Amino acid sequence: MDDCTAEQLLHTEFARTLRKPFRQAVSEYRLLREGDRVAACISGGKDSMLLALLLRDLSRELPLELAFLAMDPGYTPEHRRKIEDNAARLGLPLHVFETNVLRVVGNHAPGHPCFLCAKMRRGHLYAEAQRLGCTKIALGHHFDDAVESVLMGLLYGGQVQAMLPRLNSKHYPGMELIRPMYLVRERAVQDWTAASGLTFEPCGCPAAQRDQDTKRAEVKALIAKLAAENPQIEKNILNAVKSVDTRKVLGWRDAAGAHSFLDVFGE
């Protein structure tokens, strides 16, 4: 299937499940504005490739400068070729740069590589995007990723927090990270992939190569089990971090520091 057909699906069969929630997130969270210089970060998977198409589609109405940025963290030649071939089929002018992320992660965090890998990848993406003159990097995280992150933070991090739709970079002044697919469901992405006739590479990290289960996979399975009995589960989890009542939590932190529910009682 060529890029025209794959992208045309966004206006027909997937207009309601992909194009609409994508644009809703852009509007609701004020992610993009005219003249933005955006690096669409492409890992090679279905989420990031779809993100690139949705951004290109939007840019026909909202003037944007797009760079389709792909980092090679140490892929095999076959893995990288697959990514480049898919980008070519979709008409995406890919800008590829190389790093040694997979080697470093494999040496320093072979048992639990995901956190270090994500942190290093993001730093390299910020740096390269900034070098190209971009002020925003766009990642392909979707609704299901956001829901899973809330539960992972609660169960394994002991904290209530969300994967935000946008945030300013701490270490790259003037740079912002955005997640325009924040309201897109994973099932819709999977259905689009099947309809497009394309095949995408899975993550090339050490854990994936060993078929090692991750905590995220465990949480995903738990949510799926609960949602089978209550379809509102996913929305309820994300809504929980949209309306936190600080009068009903034991403690919280903000720019002023740490607070406790005991503060209202005085000494």
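Please read all numbers here as calculations on a predicted model, not as lab measurements.
Linking ILVMFWY residues whenever their side-chain heavy atoms come closer than 4.5 Å, directly or via other members, places Met71 and Leu132 in the same cluster. Placement of Trp252 and Leu250 in two distinct hydrophobic clusters is found when ILVMFWY residues are connected by side-chain heavy-atom separations under 4.5 Å, directly or transitively. By the rule that hydrophobic residues join a cluster once side-chain heavy atoms approach within less than 4.5 Å of another member, Met163 and Ile237 end up as members of separate clusters. Clustering ILVMFWY residues whenever any of their side-chain heavy atoms sit less than 4.5 angstrom apart, transitively, puts Val147 in the very cluster that holds Val160. The hydrophobic cluster containing Val249 does not contain Val241, counting ILVMFWY residues as joined when their side-chain heavy atoms lie under 4.5 angstrom apart, directly or transitively.
Nearest heavy atoms, Gly140 versus Leu51: N-CD2, 3.7 Å. Scanning all heavy atoms of the two residues, the minimum distance from Phe97 to His124 falls at CZ-O, 3.7 Å.
At a cut-off of 3.5 Å, with distance as the only test, no side-chain donor of Lys46 or Ser196 sits close to an acceptor on the other residue.
Between the side chain of Arg103 and the backbone N or O of Gly74 there is no donor-acceptor pair closer than 3.5 Å. Side-chain N or O atoms of Asn239 include one that pairs as donor or acceptor with a backbone N or O of Lys235 at under 3.5 Å. Of the possible polar contacts, none joining the Ser59 side chain to the Leu62 backbone as a donor-acceptor pair under 3.5 Å is found. A distance-only check finds no donor-acceptor pair linking the side chain of Asn168 to the backbone of Glu176 [under 3.5 Å]. Using a distance-only test at 3.5 Å, with no hydrogens or angles considered, no donor-acceptor pair links the side chain of Tyr182 to the main chain of Phe22. Counting only distance, with no hydrogens or angles, the side chain of Tyr172 and the backbone of Thr135 share no donor-acceptor pair below 3.5 Å. For the pair Asp36 (side chain) and Arg33 (backbone), a donor-acceptor distance under 3.5 Å is present.
Each of Leu177, Thr99, Leu69 was evaluated against Leu125; a single residue qualifies, Leu69, per the side-chain contact (heavy atoms from CB on, under 4.5 Å) test. Of the listed residues (Lys220, Arg185, Arg187), just one forms a salt bridge (Lys or Arg N to Asp or Glu O under 4.0 Å) with Glu234, and that residue is Arg185.
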Salt bridge (charged side-chain N to carboxylate O under 4.0 Å, His left out), that's the test. Do Glu7 and Arg60 meet it? Break it down for me.
CA-CA 13 Å; Glu7 194 166 342; Arg60 298 189 177 105; 2.5 Å; yes
Could you check Tyr156 against Glu218 for side chain to side chain donor-acceptor pair (under 3.5 Å), going step by step and ending with a plain yes or no?
CA-CA 11 Å; Tyr156 300 113; Glu218 294 174 5; 3.1 Å; yes
Just do the salt bridge (charged side-chain N to carboxylate O under 4.0 Å, His left out) check on Glu61 and Arg23 with the steps written out, would you?
CA-CA 12 Å; Glu61 300 173 29; Arg23 291 184 173 222; 2.9 Å; yes
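Every residue was checked against the salt bridge (charged side-chain N to carboxylate O under 4.0 Å, His left out) condition with Asp263, not counting sequence neighbours, and none meets it. Residues forming a salt bridge (charged side-chain N to carboxylate O under 4.0 Å, His left out) with Arg80 (at least two apart in sequence, or on another chain): Asp72, Glu84, Glu98. Under the side chain to side chain donor-acceptor pair (under 3.5 Å) criterion, Ser43 pairs with Ser48, not counting sequence neighbours. Taking the salt bridge (charged side-chain N to carboxylate O under 4.0 Å, His left out) definition, one finds that Glu13 meets it with nothing, sequence neighbours left out. Annotation: salt bridge (charged side-chain N to carboxylate O under 4.0 Å, His left out) contacts of Asp47 (sequence neighbours excluded): none.
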Enumerate, atom names and distances included, each donor-acceptor pair closer than 3.5 Å involving a side-chain atom of residues 221-232, sequence neighbours excluded.
from, atom 1, to, atom 2, distance (Å)
Asn230, OD1, Gln232, N, 3.0

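Annotation: the span from Arg179 atom CZ to Ile137 atom CD1 amounts to 8.5 Å, rounded to 0.5 Å. Considering CG of Leu94 and CG of Asp85, their distance stands at 11.0 Å, rounded to 0.5 Å.
Note on ring orientation: taking the six-membered ring where Trp is involved, the planes of Phe265 and Phe261 are perpendicular (angle over 60°, cut-offs 30° and 60°).
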